[in-house]
Enquirer: 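Input: one structure, supplied below.
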Amino acid sequence: MKSLFLVVLSLSIAVAASAQAVMTPRPLDPLAAETFEQALAGSPLVRDLVRQLEASNLVVHIESSRTLPTGVSGTMRFVTSRGGYRYVRITLAADGRREARAAILGHELQHACEIAASDAYDTDAVRRLYQAAGHQPTREEDVFETRAALMVERQVKAELRTAEHADRGGK
């Protein structure tokens with residue numbers, strides 16, 4: 001009986017520890033997973049953004065879509081907050097080139113880090129955050145952009161080109 005109690009106690013501790021280690025970002029489909037892996041492998045900046053997210057209470061889901069509007073390569077939307085965690089969803093255009101998708105992923109991960117660093121826990125608070133820190137590149141009410149995300153996208157593109165060049169033996 002005493003050993004059964006110890007086993008149950010050990011399992012309870014293991015479950016509690018794993019609940020605290022929420023893995024984020026989380027690719028939701030094979031193309032999102034491939035894009036995430038490529039970005040992680042080729043970009044030190046993406047690895048740093050992921051570390052920032054893993055140290056936060058923001059859970060990031062990444063998906064691919066064939067239904068984004070023309071000219072939109074990626075989006076990041078606040079979904080909800082529950083149980084002490086906030087959830088966002090990054091959607092990447094499935095028809096983009098591999099390198100372009102990975103750079104856009106870096107861009108959207110920067111937006112996720114902006115939310116992670118804030119105290120925004122609902123859609124209205126996220127809107128206020130971006131009204132203060134970003135700009136609206138279109139007339140759409142809930143479309144915002146930040147200079148930091150644009151810079152991350154450019155840097156990730158450069159890092160991916162450098163990594164690809166190195167993989168080919170510098171030729």
Side-chain angles (χ1 to χ4, degrees), residues 14-69 72-127 129-130 133-134 142-164 167:
V15 168
S18 68
Q20 289 178 339
V22 174
M23 199 256 333
T24 189
R26 298 177 184 172
L28 300 178
D29 60 72
L31 186 56
E34 174 188 311
T35 303
F36 182 59
E37 289 303 318
Q38 178 189 12
L40 274 178
S43 171
L45 179 53
V46 167
R47 291 191 294 273
D48 183 57
L49 294 170
V50 169
R51 278 191 292 275
Q52 290 176 50
L53 292 168
E54 288 175 340
S56 77
N57 71 340
L58 190 73
V59 177
V60 180
H61 292 125
I62 305 167
E63 68 178 355
S64 301
S65 175
R66 297 198 183 286
T67 61
L68 286 176
V72 175
S73 301
T75 63
M76 196 267 326
R77 295 195 186 279
F78 184 85
V79 177
T80 192
S81 58
R82 295 276 186 268
Y85 291 96
R86 298 173 290 172
Y87 296 83
V88 298
R89 173 157 298 178
I90 291 174
T91 304
L92 302 172
D95 57 358
R97 288 183 5 262
R98 287 181 70 222
E99 297 78 19
R101 277 195 321 271
I104 292 297
L105 176 58
H107 175 116
E108 300 304 337
L109 289 172
Q110 171 60 35
H111 286 313
C113 285
E114 293 161 356
I115 291 175
S118 78
D119 60 357
Y121 273 85
D122 61 27
T123 304
D124 290 336
V126 169
R127 185 178 299 112
L129 170 70
Y130 282 106
D142 287 336
V143 175
F144 295 94
E145 191 55 82
T146 64
R147 181 171 282 129
L150 293 169
M151 290 172 56
V152 164
E153 182 180 344
R154 283 192 293 273
Q155 185 173 339
V156 170
K157 278 182 189 176
E159 290 175 345
L160 292 171
R161 271 188 249 117
T162 299
E164 183 179 323
D167 286 346

Enquirer: How long is the straight-line distance from OH of Tyr121 back to CD1 of Ile115, given to the nearest 0.5 Å?
Expert: 12.0 Å
Enquirer: Can you tell me how far the CD atom of Glu153 sits from the CG atom of Leu45, to the nearest 0.5 Å?
Expert: 11.5 Å
Enquirer: Could you tell me which non-hydrogen atom of Val50 sits nearest to which non-hydrogen atom of Pro25, and how far apart they are?
Expert: CG1-CD, 3.8 Å
Enquirer: Working to the nearest 0.5 Å, report the span between NE2 of His107 and CG of Leu92.
Expert: 11.0 Å
Enquirer: Minimum heavy-atom separation for Thr24 to Val60, with atom names?
Expert: OG1-N, 2.7 Å
Enquirer: Looking only at heavy atoms, which two atoms of Phe78 and Arg86 are closest? And how far apart?
Expert: CE1-CB, 4.1 Å
Enquirer: Measure the CG-CG distance between Asp124 and Leu129 for me, rounded to the nearest 0.5 Å.
Expert: 12.5 Å
Enquirer: Taking side chain to side chain contact (heavy atoms under 4.5 Å, CB included) as the criterion, tell me which of Val126, Leu53, Val59, Leu58 meets it with Val88.
Expert: Leu58
Enquirer: Check whether any side-chain N or O of Glu99 sits under 3.5 Å from a backbone N or O of Leu160 as a donor-acceptor pair, and report yes or no.
Expert: no
Enquirer: Would you please classify the geometry between the His111 ring and the Tyr130 ring as parallel, tilted or perpendicular, with 30° and 60° separating the classes?
Expert: perpendicular
Enquirer: For Ala93 and Val72, work out which heavy atoms get closest and say how close.
Expert: CB-O, 3.8 Å
Enquirer: Rounded to the nearest 0.5 Å, what's the gap from CG on Asp95 to OG on Ser64? Could you check?
Expert: 10.0 Å
Enquirer: How long is the straight-line distance from CD1 of Ile62 back to CE of Met76, given to the nearest 0.5 Å?
Expert: 12.0 Å
Enquirer: Using the side-chain hydrogen bond (donor to acceptor under 3.5 Å, both in side chains) rule, pick out the option among Arg77, Glu108, His61, Glu63 that qualifies with Thr91.
Expert: Glu63
Enquirer: Using the test salt bridge (Lys or Arg N to Asp or Glu O under 4.0 Å), find all partners of Asp119 that sit at least two apart in sequence or belong to another chain.
Expert: none
Enquirer: Is there a side-chain contact between Val46 and Leu105 (heavy atoms, below 4.5 Å)?
Expert: no
Enquirer: My understanding is that only residues two or more places apart in sequence, or in another chain, count here; which of them pass side-chain contact (heavy atoms from CB on, under 4.5 Å) with Ala125?
Expert: Ala120, Asp122, Arg128
Enquirer: Tell me which donor-acceptor pairs under 3.5 Å the side chains of residues 33-41 have, and how far apart each pair is, sequence neighbours excluded?
Expert:
{"residue": "Glu34", "atom": "OE2", "partner": "Arg98", "partner atom": "NE", "Å": "3.2"}
{"residue": "Thr35", "atom": "OG1", "partner": "Leu31", "partner atom": "O", "Å": "2.9"}
{"residue": "Thr35", "atom": "OG1", "partner": "Arg101", "partner atom": "NE", "Å": "3.0"}

Enquirer: Check whether Phe144 forms a cation-pi arrangement with Arg127 (NZ or CZ under 6.0 Å from the six-membered ring centre, at most 45° off the ring normal).
Expert: no
Enquirer: Is there a donor-acceptor contact under 3.5 Å from the side chain of Ser56 to the main chain of Ala116?
Expert: no
Enquirer: Could you check whether Gln110 and Thr146, counting side-chain N and O atoms only, form a donor-acceptor pair closer than 3.5 Å?
Expert: no
